[in-house]
Each structure stands twice: as structure tokens, then as C-alpha cells.
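To keep things clear, I will list the structure first and then write my remarks on it.
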Amino acid sequence: MSYKVRTIYTKPNAEVSLHTPSTEYTALIDTYFNAGKIIEKPVESIDGLTHTYTMIFNNEASCDEFKAESVAAGNFTIRENHCNSNSISYSIEQGV
């Protein structure tokens with residue numbers, strides 16, 4: 001059964017930029033997609049200052065495997081620091 005992960009960011013104003021993932025992180029997504037472990041790459045929807053990214057894995061185990069990758073863990077830390085430094089609130093919803 002597919003497993004959806006949704007990340008929602010709310011920026012304090014339009015001038016603040018969101019974190020841009022590294023090329024290594026994007027390549028990791030491509031690798032998982034090509035292996036069939038990700039069935040939908042991140043899709044962005046924007047509503048004012050709120051940006052929502054939804055990615056769908058083929059199952060929860062693939063999501064857990066992806067999160068355990070060092071590149072994914074590093075991206076999480078960098079993104080969290082960027083959000084904290086720029087007053088961007090965010091939440092991650094899994095299995096939605």
C-alpha cells in the first residue's frame with residue numbers, strides 16, 4: 001500500500017526563501033523513484049505563504065529506508081536549521 005508524506009511550510013513573508021535541497025538529495029529521490037520505491041516525486045502546491053510538498057512512497061518500509069539514508073538525514077538537519085533561522089514553521093505528516 002502506498003505511503004504518502006506531506007511537508008507543509010509557512011513562511012513569515014514572501015521575501016523569505018525555502019530551503020533548496022542539495023543535488024545529492026535530489027539524486028537520492030531519483031534513485032528511489034527509478035527503483036520503484038518512490039511512486040510520486042515531490043509535488044508542490046502553494047497557497048499564499050504556505051507551500052506543501054507531497055511525496056508518495058510505494059510503502060512505509062521504503063519511506064523508512066529513505067529517511068535512514070545519510071543524505072536524507074543531512075537534508076533534514078539543514079532544512080530544520082534553515083527554517084529555524086528564517087522563522088519558517090513546518091510540519092511533516094506521514095501516512096496521510
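We're numbering straight along the sequence, starting at 1.
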I88 and its side chain to side chain contact (heavy atoms under 4.5 Å, CB included) partner, picked from L18, L49, T10: L18
With rounding to the nearest 0.5 angstrom, report the SG to CD1 distance, C83 to I78. 12.0 Å
Checking I8 against R6 for the side chain to side chain contact (heavy atoms under 4.5 Å, CB included) test, could you report, in this order, the C-alpha distance in whole Å, the side-chain angles of both residues, the deciding distance, and whether it holds? CA-CA 6 Å; I8 304 166; R6 184 180 301 135; 4.0 Å; yes
When you look at Y32 and K41, which way does the side chain to side chain contact (heavy atoms under 4.5 Å, CB included) test go after all the steps? CA-CA 9 Å; Y32 271 69; K41 293 181 183 181; over 6 Å; no
Side chain to side chain contact (heavy atoms under 4.5 Å, CB included) assessment of K37 paired with E65: CA-CA 9 Å; K37 295 178 179 184; E65 181 183 343; 2.8 Å; yes
Could you give the distance from CD1 (I92) to NZ (K67), rounded to the nearest 0.5 Å? 8.5 Å
Among Y3, F76, Y25, find the one that has a ring-ring contact (aromatic ring centres under 6.0 Å, His included) with F66. Y25
Does any donor atom in the side chain of D47 or T50 lie under 3.5 Å from an acceptor atom in the other side chain? no
Which pair of heavy atoms, one from C63 and one from V5, lies closest together, and at what distance? SG-CG2, 3.7 Å
Work out which heavy atom in P12 is nearest to a heavy atom in S87; give both atom names and the distance. CD-O, 3.4 Å
OG/S62 to CD1/I56 distance, rounded to the nearest 0.5 angstrom? 13.0 Å
Determine whether V43 and I38 fall in the same hydrophobic cluster, where Ile, Leu, Val, Met, Phe, Trp and Tyr are linked whenever their side-chain heavy atoms lie under 4.5 Å apart. no
Please check if the side chain of N75 supplies one atom and the backbone of V71 the other of a donor-acceptor pair under 3.5 Å. no
Once you round to the nearest 0.5 Å, how far does OG1 of T54 lie from CD of E93? 8.5 Å
So if you build clusters from Ile, Leu, Val, Met, Phe, Trp, Tyr with side-chain heavy-atom gaps below 4.5 Å, do I39 and I29 land together? no
Hey, what do you get for NZ (K4) to CZ (F57), rounding to the nearest 0.5 Å? 13.0 Å
To the nearest 0.5 Å, what is the distance between OG on S17 and NE2 on H51? 10.0 Å
Angle between ring planes, H82 versus H19, binned at 30° and 60°: parallel, tilted or perpendicular? tilted
